[in-house]
Amino acid sequence: MTAAGAAMALPSFAMQTKTDSAQDPWNRAQAIIDRLNQTPRFPEHDFLVTEFGAKTCEVVPVKAWISHEEQAMLSSPIVGSHDCYAAFAAAIQACAKAGGGRVLIPRGDWYCAGPIVLLSNVHVHLQAGAHVYFSHQPEDYAKYGSVDCGGNGRLVISRWQSNDCLNYSPMVYAFGQINVALTGEDWTSILDGQGGVPFNEAGDCWWTWKGKQKTINSVGQDGTPNYKAGKMSENTVNPLNAKALSEVVNIANDEAALIQGEGDRWRADGAYLPALSEARVPLAKRVFGRGHYLRPPMIQLIGCDRVFLQGYQVTNTPFWQHHPVNCRDVVIRKVLAKSHGPNSDGFDPEACDNVLVDACTFDTGDDCIAIKAGKNRDTQYGPSRNIVIQNCTMQSGHGAVTLGSEMAGGIEHVYAQNLLFENRHWATNPLNTAIRLKTNLNRGGYLRHFYVRNVHIPNGVQTSPSFYASLPGSPIASRTVASAAGAVVTFDCDYAPVADNVRIRPPEVRDVYISNVTVGNVRSKTGQNSCYQAIVILGPVASDYNGPQPMPPVLPVRNVVIENCDFGDPVNQAQAMYLYNVKGLQLKNVKIGSKVMTEEFNA
């Protein structure tokens with residue numbers, strides 16, 4: 001574990017530029033694009049997986065979940081299909097041993113009961129019509145990891161919602177590699193996580209492990225596939241977890257009491273891992289895998305340099321679709337990220353430096369793009385920064401471009417331009433919000449130098465409000481601020497506050513510039529509308545703080561400029577904006593309904 005920990009702590013270097021971003025931010029964005037637009041190079045040697053024993057499989061229709069609430073017939077490999085895991089692994093290892101090259105997966109249906117592990121200087125390429133079905137049995141991702149955790153399985157070093165852990169392997173995984181690529185010829189080149197295909201007679205699937213939904217008044221995502229109260233899930237108390245933090249770490253009683261909170265809710269896997277981070281429990285003791293319910297990301301790359309992802313479709317993923325962590329020089333281009341299950345974020349770069357997201361299409365069951373930067377005390381890789389998002393289409397999801405909620409290490413220098421937030425499922429599963437920030441007094445961190453321009457939202461966003469519960473005594477009463485869904489621009493610095501027992505890190509949000517956003521109307525219950533509200537900026541809520549005194553400064557959201565925008569016609573015309581703890585919000589030539597505003601706001 002010492003060697004693994006050292007390997008994970010790869011350095012991250014900020015891109016140096018002479019351009020002053022405050023004066024000319026888009027020059028800095030162009031410098032990032034120029035840096036990352038170079039075609040990656042690999043030795044010209046091909047390794048065909050069939051030469052290493054891979055064989056195609058037969059598929060049959062099965063009844064599966066395709067979203068939070070819908071089922072349909074999907075193709076799935078027949079029971080007893082040839083497992084290509086060993087052949088894929090042998091081809092990749094041979095390629096790496098030869099000094100690099102291209103591993104080819106030809107047209108056809110392929111079954112893989114284990115992870116594809118990428119190695120340095122290896123380019124894995126799916127030809128047109130190649131469809132890789134990953135096993136939907138969790139057990140197959142606790143067999144091949146580099147860390148033997150006994151009864152929990154052979155696991156990998158992973159991150160789950162921005163906390164380090166030993167867990168099930170992602171379906172595609174790399175750790176500490178340099179110059180890796182995963183590509184397809186077109187969107188018929190498919191990586192299929194089978195997240196909604198049942199894996200037992202009870203009908204449970206990966207997505208069942210999400211457990212109970214917590215958003216109030218959500219639309220198209222009220223349920224969890226096959227979940228019923230009492231089933232094990234990430235938010236059900238797991239008896240395998242310690243009954244007290246003092247059983248796993250030397251900790252003062254008062255600190256343990258703060259982290260654990262009241263009752264034993266903290267012993268559910270989804271809360272237990274953050275508690276271990278907060279209590280400074282080392283990675284070697286954060287063991288999950290068998291007997292636990294933390295779904296792995298589909299594609300996770302940790303501590304890698306020069307990552308190239310292009311031209312394939314990823315679908316039906318157990319959890320987040322793409323999750324690079326502590327990586328440098330990452331390009332994802334012309335990828336279709338299509339998964340409507342719980343937590344099916346499309347692309348979540350975390351603590352990464354120099355990232356280009358170009359010409360991708362996102363059709364997701366959660367945030368399309370969500371930039372992350374650590375949670376609780378797992379901030380050792382620093383901020384996410386120097387990220388450009390451009391020429392993308394967002395068909396559905398929670399937030400189209402989102403920052404957070406896990407952002408304790410900070411997020412800076414993010415540029416989003418020339419985007420279409422299509423919201424094609426607006427009538428049944430609408431885009432919750434378009435431009436979104438999520439943090440709170442637990443996640444903390446900072447957001448600064450965030451620039452957005454040229455965004456078209458023809459079908460608006462959700463036209464009804466959705467909420468998160470507030471803490472007792474909060475000035476923000478539950479069911480009063482539509483921070484979960486309903487606004488075009490949402491800055492939520494009080495994100496899901498009841499989910500976090502420790503609230504000691506006020507976030508800082510400043511220097512945000514949004515321009516040329518146009519929002520169209522759709523038919524709602526009240527007429528033709530574009531959203532419930534145009535803008536919600538909910539700054540940090542000081543009363544949430546529960547740490548030692550003196551309390552650190554709780555700063556307002558400040559220096560936000562929104563200009564040359566048309567937000568369409570909100571349902572809530574009487575309060576088209578909601579502002580709390582905001583200083584210096586400038587609207588310049590902003591149209592909301594029939595009113596055009598050039599005005600500064602403080603609240």
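Here the structure is a predicted model, which is why all the values come from computation and not from measurement.
For the atom pair D348 CG and S162 OG, the distance stands at 8.0 Å (nearest 0.5 Å). Atom CG of residue L301 and atom CZ of residue F175 lie 12.0 Å apart, to the nearest 0.5 angstrom. Residue C205 holds its SG atom at 11.5 Å from CD of Q137, rounded to the nearest 0.5 Å. Atom OG1 in T402 sits 9.0 Å away from atom CD1 in I371 (nearest 0.5 Å). Note that CG of N121 is 15.5 Å distant from CZ of R102, once rounded to the nearest 0.5 Å. Taken from CD in Q127 to CD1 in I105, the straight-line distance is 9.5 Å, to the nearest 0.5 Å.
Ring geometry for Y272 against F288 counts as perpendicular: the plane angle is over 60°, on a 0 to 90° scale with 30° as the lower cut. Ring pair W209/Y293 is perpendicular by interplanar angle, where above 60° counts as perpendicular and below 30° as parallel. Ring geometry for Y415 against H413 counts as parallel: the plane angle stays under 30°, on a 0 to 90° scale with 60° as the upper cut. In this structure, F42 and H123 have tilted ring planes: the angle between them lies in the 30° to 60° band.
Across K375, K372, R159, a single residue satisfies side-chain hydrogen bond (donor to acceptor under 3.5 Å, both in side chains) together with E350, and that is R159.
Of the possible donor and acceptor atoms, none in the side chain of E234 sits under 3.5 Å from a partner among the backbone N and O of G211. Under a 3.5 Å cut-off, the side chain of W65 and the backbone N or O of A72 do not form any donor-acceptor pair. In this structure a side-chain-to-backbone donor-acceptor pair under 3.5 Å is missing from S277 to N376. With Y111 contributing its side chain and I78 its backbone, the two residues share no donor-acceptor pair below 3.5 Å. Between the N423 side chain and the N459 main chain, a donor and an acceptor come within less than 3.5 Å of each other. A donor-acceptor pair under 3.5 Å is formed between the side chain of H136 and the backbone N or O of P198. Within the 3.5 Å criterion, the main-chain N or O of G341 finds no donor-acceptor partner in the side chain of N343. Between the side chain of D109 and the main chain of P77, no donor-acceptor pair closer than 3.5 Å is present. Q194 places a side-chain N or O within donor-acceptor distance of the main-chain N or O of F134, the cut-off being under 3.5 Å. Not a single donor-acceptor pair under 3.5 Å links the side chain of R436 to the backbone N or O of A434.
Side chains of Q395 and T361: no donor on one and acceptor on the other come within 3.5 Å. For the residue pair S233/N235, the side-chain donor-acceptor check at 3.5 Å is satisfied. Defined by atom type and a distance below 3.5 Å, a donor-acceptor pair is present between the side-chain atoms of S396 and D363. Defined by atom type and a distance below 3.5 Å, a donor-acceptor pair is missing between the side-chain atoms of S158 and N167.
For K143, the NZ atom is densely surrounded, since the number of other residues' heavy atoms within 6.0 Å is greater than 12. A 6.0 Å sphere centred on CD of Q38 holds no more than 12 heavy atoms belonging to other residues, nucleotides or ligands.
The nearest pair of heavy atoms linking K55 to C84 is O-SG, 3.3 Å. The heavy-atom pair separating A142 from L155 by the smallest distance is CB-CD2, 4.0 Å. Across every non-hydrogen atom of Y144 and P115, the tightest pair is CD1-CD, 3.8 Å. Scanning all heavy atoms of the two residues, the minimum distance from P296 to F319 falls at O-CB, 3.2 Å. Taking each heavy atom of G114 and C112 in turn, the nearest pair found is O-SG, 3.1 Å. Contact between A130 and P106 at its shortest, heavy atoms only, is CB-O, 3.1 Å.
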If you apply the rule side chain to side chain donor-acceptor pair (under 3.5 Å), what do you find for R333 with N37, and how did you get there? CA-CA 10 Å; R333 178 179 285 125; N37 258 343; 2.8 Å; yes
Stepwise side chain to side chain donor-acceptor pair (under 3.5 Å) test for Q221 and S218: CA-CA 6 Å; Q221 48 200 263; S218 61; 5.2 Å; no
Under the side chain to side chain contact (heavy atoms under 4.5 Å, CB included) criterion, do H322 and V357 qualify, and how do the steps go? CA-CA 12 Å; H322 300 85; V357 187; over 6 Å; no
Please assess S120 against Q177 for the test side chain to side chain contact (heavy atoms under 4.5 Å, CB included), listing each intermediate value before the final yes or no. CA-CA 5 Å; S120 294; Q177 304 302 304; 3.0 Å; yes
Verify side chain to side chain contact (heavy atoms under 4.5 Å, CB included) between F52 and V103, making sure each step is shown before the conclusion. CA-CA 11 Å; F52 294 84; V103 173; over 6 Å; no
Dump the intermediate steps for salt bridge (charged side-chain N to carboxylate O under 4.0 Å, His left out) on D367 and K438, then the final yes or no. CA-CA 11 Å; D367 293 326; K438 299 185 290 184; 2.9 Å; yes
Assess whether side chain to side chain contact (heavy atoms under 4.5 Å, CB included) is satisfied between I435 and F421, documenting all intermediate values. CA-CA 10 Å; I435 301 163; F421 298 167; 4.3 Å; yes
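In this structure the side chain of Q161 never reaches within 4.5 angstrom of the side chain of P274, judged on heavy atoms. Residues V401 and M394 form a side-chain contact, since some pair of their non-hydrogen atoms from C-beta on lies under 4.5 Å apart. Between L166 and I157, the closest side-chain pair of non-hydrogen atoms falls below 4.5 Å. You'll find the side chain of P342 reaches within 4.5 Å of the side chain of H68, heavy atoms only. R290 has its side chain out of reach of C149: every pair of non-hydrogen atoms, C-beta onward, lies at least 4.5 Å apart. Annotation: side chain of H292 is not in contact with side chain of L273 (no heavy-atom distance under 4.5 Å). Taking 4.5 Å as the limit, some side-chain heavy atom of Q213 sits within range of a side-chain heavy atom of T224. With a 4.5 Å cut-off on side-chain heavy atoms, H131 and V59 do not count as touching.
For the pair D366 and K210, the salt-bridge criterion is not met [side-chain N within less than 4.0 Å of a carboxylate O]. Taking 4.0 Å as the cut-off between side-chain N and carboxylate O, R306 and D329 do not count as a salt-bridged pair.
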